[in-house]
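Since this is a predicted model, take the numbers as computed values, not measurements.
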Amino acid sequence: MNAASFSSLSADHQRLQALVGAWRGEEEVAETQWADGGAATSDVLAEAQFGGLFVVQRYRQRRDGTVSFGSHSVFGFDQQNSVVTMHQFDSMGFVPASPATGTWNGAELVLERSSPRGAARVTYIFDDADAYRMRLHFKPAGSDGWQDMVSGVYRRVSPSSINGF
């Protein structure tokens, strides 16, 4: 379902529509306790749902021709607290106790979430309507420093070029 009533959405809900579309990414995965470092490619398919109030994003990462990671995220805007929310479920299998929350700073959306394992911060930087950058950082529990996890550049592609979701 697309955002049929786009003009009736709040400005904050309208900003979420920047995520909507089919995207292909070139990524650099950092060496971590969960993954070996190296290059990856990804497909992202994001659709507006419930008249644009939410954006549902499916993500699939490939390394060496094999799917290495996948996630399903739901973005929304919590009007009461004035924050963007992201509920994410992924192939690591950890069940999030709460959504990531964050705000826009110009063309940059920064979301953070904490768990007993530590904190995660994802940053989306929208260069224009057809390209964005994403960076994921992690801070292990008990640590003061953020470590790189994944960074990538994503370009809009035809939805028909993304198969298998």
Side-chain angles (χ1 to χ4, degrees), residues 1-4 6 9 12-30 32-35 39-79 81 83-104 108-126 130-139 148-165:
M1 173 190 308
N2 287 329
F6 185 75
L9 293 174
D12 296 301
H13 285 101
Q14 288 181 28
R15 292 201 73 184
L16 290 177
Q17 307 312 302
L19 293 160
V20 172
W23 309 87
R24 180 141 301 128
E26 298 294 326
E27 299 177 333
E28 186 61 34
V29 178
T32 68
Q33 64 196 54
W34 296 288
T41 60
S42 61
D43 291 327
V44 181
L45 186 59
E47 301 172 317
Q49 296 287 312
F50 305 109
L53 293 173
F54 297 93
V55 173
V56 176
Q57 180 189 72
R58 292 175 284 171
Y59 167 91
R60 176 181 56 206
Q61 179 188 81
R62 290 183 186 276
R63 298 181 76 182
D64 300 320
T66 302
V67 174
S68 53
F69 183 78
S71 67
H72 190 105
S73 301
V74 179
F75 295 83
F77 184 75
D78 177 345
Q79 292 181 358
N81 296 303
V83 294
V84 175
T85 61
M86 179 183 70
H87 293 81
Q88 183 177 50
F89 304 91
D90 62 39
S91 58
M92 297 294 284
F94 299 120
V95 176
S98 61
T101 59
T103 58
W104 289 92
E108 185 174 290
L109 173 61
V110 180
L111 300 154
E112 291 190 15
R113 180 179 65 80
S114 294
S115 76
R117 291 175 303 288
R121 178 176 60 211
V122 61
T123 304
Y124 294 90
I125 303 166
F126 293 88
D130 294 322
Y132 70 89
R133 292 172 281 146
M134 185 275 301
R135 293 187 314 255
L136 176 62
H137 294 98
F138 182 73
K139 181 169 53 171
D148 292 337
M149 298 279 293
V150 179
S151 62
V153 176
Y154 307 81
R155 291 183 170 61
R156 191 176 297 279
V157 297
S158 167
S160 63
S161 70
I162 296 179
N163 299 313
F165 269 119

> So, for S114 and A119, which heavy atoms are closest and what is the spacing to 0.1 Å?
Replying inline: OG-CB, 3.9 Å
>> Ignoring hydrogens, what is the shortest heavy-atom contact between R156 and V20? Give both atom names and the distance.
In response: NH1-O, 3.1 Å
> Could you walk me through whether D148 and H137 pass the side chain to side chain contact (heavy atoms under 4.5 Å, CB included) check?
Replying inline: CA-CA 5 Å; D148 292 337; H137 294 98; 2.9 Å; yes
> Of all heavy-atom pairs between L16 and V55, which one has the smallest distance, and what is that distance?
Replying inline: O-CG2, 3.6 Å
> Taking it one step at a time, do F126 and W104 satisfy ring pair (Phe, Tyr, Trp, His ring centres under 6.0 Å)?
Replying inline: CA-CA 11 Å; F126 293 88; W104 289 92; 5.7 Å; yes
> Checking side chain to side chain contact (heavy atoms under 4.5 Å, CB included) for the pair L111/F75: CA distance, chi angles, key distance, verdict?
Replying inline: CA-CA 10 Å; L111 300 154; F75 295 83; 3.9 Å; yes
> Crowded around N81 CG? As in, over 12 foreign heavy atoms under 6.0 Å?
Replying inline: yes
> Does one side chain, of S151 or E28, offer a donor that lies under 3.5 Å from an acceptor on the other?
Replying inline: no
>> Rounded to the nearest 0.5 Å, what separates atom CD1 in I125 from atom CZ in R135?
In response: 4.0 Å
> Between CG of D78 and CG of D12, what distance do you get to the nearest 0.5 Å?
Replying inline: 10.5 Å
> What's the spacing between L109 CG and M134 CE if we round to 0.5 Å?
Replying inline: 12.0 Å
> How far apart are the closest heavy atoms of Q61 and A40, and which atoms are they?
Replying inline: CG-CB, 3.7 Å
>> Tell me if a side-chain donor or acceptor on Q17 pairs with a main-chain N or O of G52 at a distance below 3.5 Å.
In response: yes
>> Once rounded to the nearest 0.5 Å, what's the spacing between atom CD1 of I162 and atom CG of L45?
In response: 5.5 Å
> Do R63 and F69 touch side chain to side chain, with heavy atoms closer than 4.5 Å?
Replying inline: no
> So which heavy atom on Y59 is nearest to which on S42, and how close?
Replying inline: CE1-CB, 3.6 Å
>> Out of the candidates Y132, W23, Y124, only one should pair with Y154 under the ring-ring contact (aromatic ring centres under 6.0 Å, His included) rule; please name it.
In response: Y132
> Which atoms form the tightest heavy-atom contact between P99 and T85, and what is the distance?
Replying inline: CB-CB, 4.3 Å
> If you round to the nearest 0.5 Å, how far is CD of E108 from OG1 of T103?
Replying inline: 9.5 Å
> Between E26 and R155, does at least one N-O distance fall below 4.0 Å, as a salt bridge requires?
Replying inline: no
> Is the side chain of R113 donor-acceptor paired with the backbone N or O of Q88 at a distance under 3.5 Å, no angle test?
Replying inline: no
>> Run V122 and M86 through side chain to side chain contact (heavy atoms under 4.5 Å, CB included) and show every step you take.
In response: CA-CA 10 Å; V122 61; M86 179 183 70; 4.0 Å; yes
>> How long is the straight-line distance from CZ of R58 back to OG of S73, given to the nearest 0.5 Å?
In response: 11.5 Å
> Going through the checks in order, is the side chain to side chain contact (heavy atoms under 4.5 Å, CB included) test met by Q57 and V44?
Replying inline: CA-CA 7 Å; Q57 180 189 72; V44 181; 3.6 Å; yes
> Hey, does the Lys NZ or Arg CZ of R117 hover above the aromatic six-ring of F94, less than 6.0 Å from the centre and inside 45° of the axis?
Replying inline: yes
> Does any donor atom in the side chain of H72 or D90 lie under 3.5 Å from an acceptor atom in the other side chain?
Replying inline: no
